[in-house]
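In this text, all values refer to a predicted model and were calculated from it rather than measured experimentally.
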Amino acid sequence: MKILAIDTSNFVLGIALYEDGKVIGEFITNLKKNHSIRAMPAIEQVMKDCDIKPKDLSKIVVAKGPGSYTGVRIGVTIAKTLAWTLNIPLVGVSSLEVLAASVGRYFDGYVSPLFDARRGQIYTGLYQFASNEVEIIKNDQLILSTDWAQQLAPLKKSVLFVGNDLPLHEEILKDGLGDLAYLADAVDFNPRPSILAMLGESRPAEAIHTFTPNYIRLAEAEANWLKANKKEKKEDRG
């Protein structure tokens with residue numbers, strides 16, 4: 001089974017080709033550049049370098065969020081289009097789970113991947129690994145980093161924090177957990193698209209047309225529009 005994995009959910013652009021436990025090719029950049037321009041050329045280049053044609057693919061696995069609203073949408077749109085055009089299965093995996101699995105499989109404790117969500121908030125979840133299987137301890141969520149630290153402290157278990165936005169929140173997390181807070185090295189901050197492929201390999205296919213990203217919250221522009229629209233309707237009713 002040849003799997004194409006796509007992750008555009010944050011600044012990191014990740015593309016991987018994976019077959020039967022072997023990483024055939026992997027492309028990763030961490031740049032503030034538009035994924036809508038770079039994602040398809042990256043996919044084409046990796047497939048060309050690995051001598052794989054679209055008809056050779058067996059499954060598409062995509063990071064489905066949370067993360068950047070635009071970034072997640074780009075990856076999911078590409079994945080859905082490819083899966084529908086090639087008539088092959090589509091699987092979505094949490095972007096946070098991918099990051100956790102990229103570093104946490106050999107850590108004896110919990111793993112908390114995180115993405116900054118502005119205003120002191122983070123997208124995060126809590127995972128642990130047993131027999132190389134991922135176990136969700138706390139579901140992906142949007143939360144203030146101060147509140148997250150307060151939730152984790154009573155667990156009294158080591159927590160490995162990881163993510164490119166970790167430096168923005170590490171002091172709060174360390175203050176809240178003390179010696180139980182472990183910080184991943186910067187070289188491990190990028191999620192691995194090959195791990196994304198591995199996670200999605202055995203998961204069941206999802207309905208392509210109804211597949212949607214997991215934004216966790218509405219994009220700010222959409223939320224503001226809904227708020228304004230609700231206010232207008234209320235005023236119209238007097």
Side-chain angles (χ1 to χ4, degrees), residues 1-103 113 115 123 125 134 140 163-164 189-216 219:
M1 176 184 288
K2 290 185 175 66
I3 297 173
L4 172 65
I6 304 167
D7 187 354
T8 63
S9 50
N10 287 284
F11 285 133
V12 176
L13 169 62
I15 308 295
L17 287 167
Y18 182 91
E19 182 179 18
D20 301 327
K22 178 182 178 181
V23 181
I24 305 172
E26 188 168 33
F27 174 90
I28 303 173
T29 60
N30 182 18
L31 304 168
K32 294 182 180 181
K33 291 188 176 182
N34 194 332
H35 291 326
S36 64
I37 298 172
R38 303 177 61 241
M40 277 307 302
I43 292 171
E44 292 169 356
Q45 188 62 53
V46 171
M47 292 184 64
K48 180 181 178 182
D49 290 345
C50 297
D51 295 322
I52 292 178
K53 299 186 179 346
K55 64 181 179 61
D56 298 328
L57 297 174
S58 307
K59 179 184 279 189
I60 306 292
V61 181
V62 65
K64 65 178 181 180
S68 158
Y69 182 87
T70 302
V72 172
R73 184 174 57 192
I74 290 168
V76 168
T77 299
I78 292 173
K80 289 178 67 172
T81 301
L82 289 173
W84 182 82
T85 303
L86 299 171
N87 193 28
I88 57 177
L90 170 68
V91 172
V93 177
S94 161
S95 302
L96 288 166
E97 182 180 350
V98 176
L99 182 54
S102 296
V103 299
F115 307 137
Y123 294 115
V134 183
D140 294 352
N164 280 301
F189 284 176
N190 291 340
R192 294 280 305 279
S194 55
I195 297 294
L196 169 62
M198 181 192 74
L199 292 172
E201 182 178 23
S202 60
R203 298 189 185 184
E206 304 185 42
I208 294 174
H209 292 295
T210 57
F211 179 86
T212 55
N214 178 23
Y215 296 122
I216 293 186

I would like to know whether V61 and L199 meet side chain to side chain contact (heavy atoms under 4.5 Å, CB included); could you show each step before the answer?
CA-CA 9 Å; V61 181; L199 292 172; over 6 Å; no
Distance check, rounded to the nearest 0.5 Å: [X] atom [atom1] versus [Y] atom [atom2]?
| X | Y | atom1 | atom2 | value |
| --- | --- | --- | --- | --- |
| I28 | L13 | CD1 | CG | 9.5 Å |
| M40 | Q45 | CE | CD | 12.0 Å |
| L196 | L99 | CG | CG | 11.5 Å |
| D140 | I216 | CG | CD1 | 5.5 Å |
| W84 | L90 | CH2 | CG | 14.0 Å |
| E97 | K64 | CD | NZ | 9.0 Å |

[X] side chain near [Y] side chain, heavy-atom distance below 4.5 Å:
| X | Y | answer |
| --- | --- | --- |
| E26 | Y18 | no |
| P191 | V12 | yes |
| I60 | V91 | no |

Okay, side chain of K80, backbone of F211: is any donor-acceptor separation there less than 3.5 Å?
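Yes, K80 side chain to F211 backbone: donor-acceptor pair under 3.5 Å.
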Checking K59 side chain against E201 main chain: does a donor-acceptor pair fall under 3.5 Å?
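At least one qualifying donor-acceptor pair exists.
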Please report the shortest heavy-atom distance between [X] and [Y], naming the atom on each side.
| X | Y | answer |
| --- | --- | --- |
| P89 | S58 | CD-O, 3.1 Å |
| G75 | V62 | O-CG2, 3.5 Å |
| V72 | P66 | CG2-C, 4.2 Å |

Give the intermediate values and the outcome of side chain to side chain contact (heavy atoms under 4.5 Å, CB included) for residues I78 and H35.
CA-CA 11 Å; I78 292 173; H35 291 326; over 6 Å; no
With side-chain hydrogen bond (donor to acceptor under 3.5 Å, both in side chains) as the rule and sequence neighbours excluded, what pairs involving residues 3-12 come up?
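Found D7-S9, S9-S95.
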More than 12 foreign heavy atoms under 6.0 Å from CG of D20: is that the case here?
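Yes, CG of D20 has more than 12 neighbouring heavy atoms, counting only those of other groups under 6.0 Å.
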So, using side chain to side chain contact (heavy atoms under 4.5 Å, CB included) as the criterion, who are the partners of N34 when residues are at least two apart?
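Applying side chain to side chain contact (heavy atoms under 4.5 Å, CB included) to N34 gives S36, I37, I74.
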Go through the structure and list residues passing side chain to side chain contact (heavy atoms under 4.5 Å, CB included) with I52, not counting sequence neighbours.
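I52 satisfies side chain to side chain contact (heavy atoms under 4.5 Å, CB included) with K2, L17, I24, M47, C50, D56, L57 once adjacent residues are dropped.
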Which is it for F115 and L96 under the side chain to side chain contact (heavy atoms under 4.5 Å, CB included) test, yes or no, and what are the steps along the way?
CA-CA 8 Å; F115 307 137; L96 288 166; 3.5 Å; yes
Verdict with supporting geometry, L4 and I15, side chain to side chain contact (heavy atoms under 4.5 Å, CB included):
CA-CA 7 Å; L4 172 65; I15 308 295; 3.8 Å; yes
